[in-house]
Amino acid sequence: MEKIIVRGGKRLNGTVKAEGAKNAVLPIIAATLLASDGKTVLNDVPALSDVFTISEVLRHLNAEVDFGTNRVVVDASRELKTDAPFEYVRKMRASVLVMGPLLGRTGKARVALPGGCAIGSRPIDQHLKGFEAMGVKVKVGNGFIDAEVEDKLRGAKIYLDFPSVGATENIMMAAALAEGTTIIENVAKEPEIVDLANFLNAMGGKVRGAGTGTIRIEGVKKLYGANHTIIPDRIEAGTFMVAAAITGGNVLVRGAVMEHLSSLVAKMEEMGVKISEEEDGLRVIGPEKLKAVDIKTMPHPGFPTDMQSQMMSLLLAAQGTSMITETVFENRFMHVEEFRRMNADIKIEGRSVIINGPSKLQGAEVAATDLRAAAALTLAGLVADGYTRVTELKHLDRGYVDFHNKLQALGADIERVNEEATETGEVKQVSSDIS
Ligand SMILES: CC(=O)N[C@H]1[C@@H](OP(=O)(O)OP(=O)(O)OC[C@H]2O[C@@H](n3ccc(=O)[nH]c3=O)[C@H](O)[C@@H]2O)O[C@H](CO)[C@@H](O)[C@@H]1O
Ligand SMILES: C=C(OP(=O)(O)O)C(=O)O
């Protein structure tokens, strides 16, 4: 079994660079399917298992996908297939993001129903509501969603009940090739939405308003391959910012963009962390003592749910009582039990978690329950007494490139081992069933 083994007690110092954003590159790779002419070249693509999975989906759909170092070239100009089977969707829910592009390009999509996952039930009703408003007939049955344009894919006015990131993206991508104008209201405002809009525009699309509450898309007849550089990963950057703060270290996180991270920066500053903008990133200096604060996750520009578990690690080390309220996902507290195994004084009350800090964290063997939990448990291990062993690293590999090496370069006492392989000399296959 693969494990990260970390021994607490080292202050982190130095510079670390954020990769391209996972949550930007996944919809953008899906969007490359819209180009019936020319190749797309994407730069700053992170080497993540999720990126390999979405690329496999594209290959299955008959697109050509070539990998270089941090670069992906896609040619989707051939006739496309229209189905995304369960083997892909179960590995990665973001596979449903091929629906919008397939409807735009071919008028048809058959995608396995994603089902729930470790952080909640995660329905896609808002995606489907948007497609239906655009003239798509949607049938759900036998574990699949069958969607087919009835007459023409046409622009529509769509109000989202919740500013869903995935629904905003899926509808934007379908609308890019629809006839007429689509107006989506109450949309997600995440930086990754803006990156997708910029990419669609580079392909010849007409998307306005990304980053505000309303997006307006004028459909065009054809989209072309384009060159695009993916924005830096604000969640990976934020994770290293917490690593610096929790160890009382001094770290420059290159690629961290203040505007993308304002809620995290505000909360960390309230805790006594010093954060300053430098030319190519954010410098984070951890104080001797951290102050307790309350946090509520919200859609952007609110506090990101994808930083909730890492922030929990930081609050465990803070003086006093903190409360974290999770409003985006219904069940994103699975990591709490693992923190308890590390002697954390923490309890769940409904949608909130109460943390009595500072906890005297002890090293333990803990299992990552999702991608961000994997990072958060490692962060807690940086300040725990003794050795922390983090397992279930397939989750970590979905969203972090070289996580342990980057921490080690900052001075952490950390390694990643394959205990079975050490004993038998075999290399273990990473499990694929992760959703
Ligand atoms: C690949 C990617 O970009 N993943 C991100 C994306 O996920 P994802 O796009 O799945 O997240 P959404 O914004 O869609 O989901 C947020 C909430 O809305 C609910 N919902 C969503 C769609 C829908 O049709 N109906 C519905 O009820 C979900 O169950 C959830 O409770 O945004 C999340 C919220 O910032 C992040 O945590 C994920 O890292
Ligand atoms: C929840 C996350 O991703 P996904 O939507 O791909 O599961 C995440 O990045 O923390």
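Keep in mind that this is a model prediction, so the values were computed, not measured. In each ligand, atom 1 is the first atom listed, and ligand 1 is the first ligand listed. All residue numbers in this chain count up from 1 along the given sequence.
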| said: Measuring from non-hydrogen atoms of K22 to any atom of ligand 2, is the shortest distance under 4.0 Å? | reply: yes
| task | Would you kindly specify which portion of S164 sits under 4.0 Å from ligand 1, judged on non-hydrogen atoms: side chain, backbone, both or neither? | result | both
| Salt bridge flag under 4.0 Å for residues E179 and K152 | yes
| message | Taking 4.0 Å as the limit for heavy-atom contacts, which would you say applies to R332 with ligand 2: side chain only, backbone only, both, or neither? | response | side chain
| Protein heavy-atom partner closest to atom 13 (O) of ligand 1 - residue, atom, separation in Å | V165 N, 2.8 Å
| request: Could you tell me which atoms of ligand 2, counted from 1 in the order shown, lie closer than 4.0 angstrom to a heavy atom of R398? | output: 3 (O), 4 (P), 6 (O), 7 (O)
| Going by heavy atoms, is T305 under 4.0 Å from ligand 2? | no
| request: List every atom of ligand 1 that sits less than 4.0 Å from any heavy atom of P123, numbering the atoms from 1 in the order shown and giving each element. | output: 20 (N), 21 (C), 22 (C), 23 (C), 24 (O), 25 (N), 26 (C), 27 (O), 29 (O)
| field | Salt bridge present between D370 and R332 (N-O < 4.0 angstrom) | value | yes
| task | Starting from atom 11 (O) of ligand 1, locate the nearest protein heavy atom and write down its residue, its atom name and how far away it is, to 0.1 Å. | result | F329 CZ, 4.1 Å
| request: Would you check, one step at a time, whether the test side chain to side chain contact (heavy atoms under 4.5 Å, CB included) holds for L264 with R234? | output: CA-CA 10 Å; L264 176 69; R234 64 194 163 100; over 6 Å; no
| Lys/Arg-Asp/Glu bridge criterion (N-O < 4.0 Å) met for R398, D50 | yes
| field | Side chain, backbone, both or neither: T305 near ligand 1, heavy atoms under 4.0 Å | value | side chain
| Quick one: does A167 get an N or O within less than 3.5 Å of an N or O on ligand 1? | no
| field | Numbering as shown, the atoms of ligand 1 that approach Q126 to under 4.0 Å (heavy-atom distance) | value | 23 (C), 24 (O), 25 (N)
| message | Looking at non-hydrogen atoms alone, which of E236, M307, R372 comes nearest to atom 8 (C) of ligand 2? | response | R372
| For V328, atoms of ligand 1 separated by under 4.0 Å from a heavy atom | 16 (C), 17 (C), 30 (C), 31 (O)
| query | Does any N or O in the side chain of H300 come within less than 3.5 Å of the main-chain N or O of H260, such that one atom is a donor and the other an acceptor? | reply | no
| Parallel, tilted or perpendicular: which describes the rings of F333 and H335, with under 30° parallel and over 60° perpendicular? | perpendicular
| said: Check this for me - ligand 2, R93, N or O atoms closer than 3.5 angstrom, yes or no? | reply: no
| D233 and K22: which non-hydrogen atoms are nearest, and at how many Å? | OD2-N, 3.1 Å
| Distance-only N or O hit between ligand 1 and N23, under 3.5 Å | yes
| query | Are K39 and E64 close enough for a salt bridge, meaning some N to O gap below 4.0 Å? | reply | no
| task | Out of I124, N331, N170, D306, indicate the one that has the non-hydrogen atom closest to atom 36 (C) of ligand 1. | result | D306
| Could K394 and E392 be called an ion pair, given the rule that one side-chain N must be under 4.0 Å from one carboxylate O? | yes
| Those atoms of ligand 2 less than 4.0 Å from some heavy atom in L371 | 8 (C), 9 (O), 10 (O)
| query | Is R122 touching ligand 2 with its side chain, its backbone, both, or neither, if touching means heavy atoms under 4.0 Å apart? | reply | side chain
| note | Quick note on ligand 1: atoms under 4.0 Å from a heavy atom of G166 include exactly 9 (O), 14 (O)
| task | Among all protein heavy atoms, pick out the one at the shortest distance from atom 7 (O) of ligand 1; state its residue, atom name and that distance to 0.1 Å. | result | R122 NH2, 3.3 Å
| field | Per-atom contacts, ligand 2 versus I119 - under 4.0 Å to a heavy atom | value | 1 (C)
| request: Give a yes or no on whether a salt bridge exists between R340 and E337, defined as a side-chain N under 4.0 angstrom from a carboxylate O. | output: yes
| Going by the atom numbers of ligand 1, which of them fall below 4.0 Å from some non-hydrogen atom of H127? | 24 (O)
| Does the protein put a heavy atom under 4.0 Å from atom 2 (C) of ligand 1? | yes
| Hey, are R416 and E2 close enough for a salt bridge, meaning a charged N less than 4.0 Å from a carboxylate O? | yes
| request: Could you check which of D125, V96, L160 puts a non-hydrogen atom nearest to atom 25 (N) of ligand 1? | output: D125
| query | Of the backbone atoms (N, CA, C, O) and the side-chain heavy atoms from C-beta on, which set of R332 has a member under 4.0 Å from an atom of ligand 1: side chain, backbone, both, or neither? | reply | side chain
